[in-house]
Structures are given as structure tokens and as C-alpha cells.
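For reference, the structure is listed below as C-alpha cells.
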2 protein chains.
Amino acid sequence: MYHALYNHIDRFTNLSIEEHELLATLVQPASYKKKAYLLEAGQTCRANYFVVKGCLRLYFIDIKGAEQTTQFAIENWWISDLTSFLSQRPSDFYIQAAEQTEVIIIEQRHYDELFLKLPKLEKYFRMIFQKLHQASQIRIKYLYSQTAEERYINFNKLFPEFVQRVPQYMLASYLGFTPEFLSKIRAKK
Amino acid sequence: MYHALYNHIDRFTNLSIEEHELLATLVQPASYKKKAYLLEAGQTCRANYFVVKGCLRLYFIDIKGAEQTTQFAIENWWISDLTSFLSQRPSDFYIQAAEQTEVIIIEQRHYDELFLKLPKLEKYFRMIFQKLHQASQIRIKYLYSQTAEERYINFNKLFPEFVQRVPQYMLASYLGFTPEFLSKIRAKK
DNA sequence: TTTTTTTCTTAAACTAGATTAAGTTTTTTG
DNA sequence: CAAAAAACTTAATCTAGTTTAAGAAAAAAA
């Protein structure tokens, strides 16, 4: 049931069978079809989501009405609007399935309990957030040093398989430009 | 000696006197005068820095030779080039004191040991990286939804004291525009 | 397989912000 | 305090990327 998560946790710390069983009482599986919403703006973000299979995206709608994708999560990544999740206040974001997606959910009401009952998960989530922060540092560097075209070429080189998985307009906003400009870049080559 | 750090850790977890003493053997204090470098591009980032007093900034030099400030750290924040720190490979970044600054240093050779000897710090750093990730989510949202002028006005509203502490050209690059454009914005009002 | 919806493309007009360059003000240092 | 260095301003010119709008292609649904 939670195999994918157990395996991922075991990369960083080792849980016993009993601990696996205890963890199973605090999480739950869920399945979403393409375009389904796990969170909508105005709602409070109830959970932190671990992607077992598929792809989720976090986005908001800007003043001009355009969707701005700020994060993707594929297999073995966590995603949430942390500010809403931690404070339990309404979110400005949407979390949507970019593909048919299976997740493991930790609800906010179990989040503190999780660490009390399974202190080993402190290390696991320390590593998860450490990686997320590292990814942010790298992303900010790219945003501040590369042109739109360079970011697209670079992203394509680094994640060629991923680029095939999502529509170009999602990718364009994630990389910080318009879909029309992405078409222009692609037409050049 | 390490009072500021002990207090900060105690916001999230409680260390005993013995644990404080053990921690003291794994960290060290240091003091840097304005403009001193804690890290220079080409060097490997040796430590994670906790700011007791003052202000550090993380920046790199782009292709055009301009400094791009990607992060600031003031009192009670941690700063490092995580990628270089964790992999112990050369960095593209500089870490520089923006003011006379006092820090507490965790060197990489003590980083794993720290968590082995003081497992309570897993929770502390889980919270630290959680906060850093939360800050990144907010920052990316601002970068993707606001104009340069809006980002400046907003940042000024949120951190009016901080704006006074650093030269405008550092702030301009942190907010993602040129110092000349910042002058233009300021002239308007 | 036809229809509908979603995604992608093209091109002309436009603009937020960059660049360049010179001068001014403020801060630091000897 | 004088001189040098660092930080800030102004303004003209320029450009990377946006906007608008319409049509084409691909994917999903019926």
C-alpha cells in the first residue's frame, strides 16, 4: 500500500515493521484523475502530498487572469502550499493533477502527531526540506542569470523526459515566460 | 558564547545543559567586518552560518559581470550555499558580510556528527528548512505575480527596517532588477 | 470518426525594464 | 578634514519578452 513512501523514507532513515504500521495509521492513499483539484484557491490546504505515480502542479491565478505554475511534483516528491498548510488559513493556490496521479496524504491534523510518534521522521523531513531548499537556491540562480531562452534550453537538457509529460503552457509559466514566447523559441531551432 | 543559538533552538526543541555543552564542541564563533568574505566563488563552502548579529548576503556574478544577490541572512537566520556545502564541491557563490557580522559556524565535517550526537537537532533543522522552503514559495509567488515596482513597494512595506540596512544596489538585485531602475522607482514618489 | 475542447503557432504592435554613460552625493579611509 | 572610493541619480536609447488576435493542430470526448 505505502511501499513507495516506505522505500523513500528508507533512503534516509530506517523504520522497523512496527514503525511502518504506525505510519500507516497516520497517512492515507488517494487517486486523482487528470485535471482534478487537490486544493483550490480560497480553501485551506489540508495536507502534504507525496506523489507515488503521476504529476501534480502548484499554481495561482495572477491579476491578469493567467495561471502561474510555481512548482511541479513527480514521483517521490512532496508538494503543498506550506503557508496555508502550517497556518491552516485559506490558500491563494491551486494544486492540480497534471496527469492521473496517485498520492499518499498526510493531513495537517496528523502532522504534529507524526513526529511525536515517529521521531525518526524528523530526519526524513529534515532531508526533504533540505533538498527543497537546495532546489530553490538553484532555481533562483537560474532565474537571475539566464534569459528565457536559456532557461528553456537548460531545462530541456536537464529534464528531457519531464518536458514531454506536461503541456507547454504549464512549462512556460514555470520557467517564467508566456506560452507565445515559448513557441517563438521553439520555432527558431 | 552561543546564547543566541541556544535560544533559537529552544524555540523549537529543548536542549539540556549537557546537550548545550556538547553542541558547543561542534560549532565555533566568528566575527567578520563589513565586506569580508566567508566564501568566494571557486572555493568549497565549508560551513553553514548562523547569524547572531549583523547581515550576510549570498550572491554570484553573472555573465555580464553584475553581482546578483540571491539571499540575505540577518539575526537568527542560517545561510550557506547548500549545494556546495553538502557535496563539498566548488561554489559559484560568494557569501559576504553586508555589515560587521557575528556568526556561529557549523563546519561540514561536523554536520553529520551533529545529528548523530544531538538527534533533537533533527527537529530544529527540519523546522529551519521548512521555514526556508516556505519563504521560497512566497518569494517565487511575488516574483511571478508582481512588477519590479510592486515588489519594491511590497518589500518596503514588509521590511522597512531592513531596507535601511543594505545598499540599494544589493536590494535591487535581490528583487530582480537594476539599481538604475530602483532610482527611477524612488524618483516617482 | 465526428465534434468539441484543449493546446500550440504566428505575427504585428507594444512596453517594462535594461543598458550606457555621465554626473552627483554619500561614505569611508588615511 | 581632505581625498578616494562607494553608492546613487538622471536621461536617452534600446531590446527581450508581452500582448493581442486569429488561425491551425492535436487531443479528448461523444
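In what follows, chains carry the letters A, B, and so on, assigned in the order in which the sequence lines appear, proteins first and then strands, with residues in each chain numbered from 1. What you see below is based on every heavy atom in this structure, not just the backbone, and it leaves out hydrogens, waters and symmetry mates. Model, not experiment: these values are computed from the prediction.
A donor-acceptor pair under 3.5 Å is absent between the side-chain atoms of B:Y144 and the main chain of A:T70, judged by distance alone. Not one N or O on the side chain of A:E40 forms a donor-acceptor pair closer than 3.5 Å with the backbone of A:D92.
Proximity of B:R186 to the phosphate of D:dC8: no side-chain N or O atom is located under 4.0 Å from OP1 or OP2. Remark: A:Q168 is not in phosphate contact with C:dT6, judged by side-chain N or O atoms under 4.0 Å from OP1 or OP2.
Taking five base pairs at each end of the helix from C:dT1-D:dA30 to C:dG30-D:dC1 and finding the rotation axis that steps the C1' atoms of four pairs onto the next four gives two axes whose angle is 60°, to the nearest 10°.
Not counting sequence neighbours, A:E21 has no partner by the salt bridge (charged side-chain N to carboxylate O under 4.0 Å, His left out) test.
If you look at A:Y59 and A:F93, their ring centroids are not closer than 6.0 Å. In this structure, the ring of B:Y111 has its center less than 6.0 angstrom from the ring center of B:F85.
Heavy-atom distances to DNA chain D give each of B:K35 and B:L182 a nearest nucleotide, and the one nearer the 5′ end belongs to B:K35.
Taking only side-chain atoms of A:A187, from C-beta outward, the nucleotide of D:dT10, D:dA7, C:dT10 with the closest atom is C:dT10.
Counting heavy-atom neighbours within 6.0 Å of A:I17 CD1, excluding the residue itself, gives a total of 12 or less.
Whole-Å rounding puts the B:Y169 OH to D:dA7 P distance at 4 Å. For A:Q68 and D:dT18, the CD to P distance is 10 Å, given to the nearest whole Å. For B:Q164 and D:dA7, the CD to C1' distance is 15 Å, given to the nearest whole Å.
Between B:F72 and B:T69, some side-chain heavy-atom pair lies under the 4.5 Å cut-off.
A salt bridge is defined here as a Lys NZ or Arg NE, NH1 or NH2 lying under 4.0 Å from an Asp or Glu carboxylate O, and B:E107 with B:R46 fails to meet this definition.
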Where along nucleotides 13-30 of chain C does protein come under 4.0 Å, by heavy atom, of base (B) or sugar-phosphate alone (S), with - for untouched nucleotides? ----BBBB-------S--
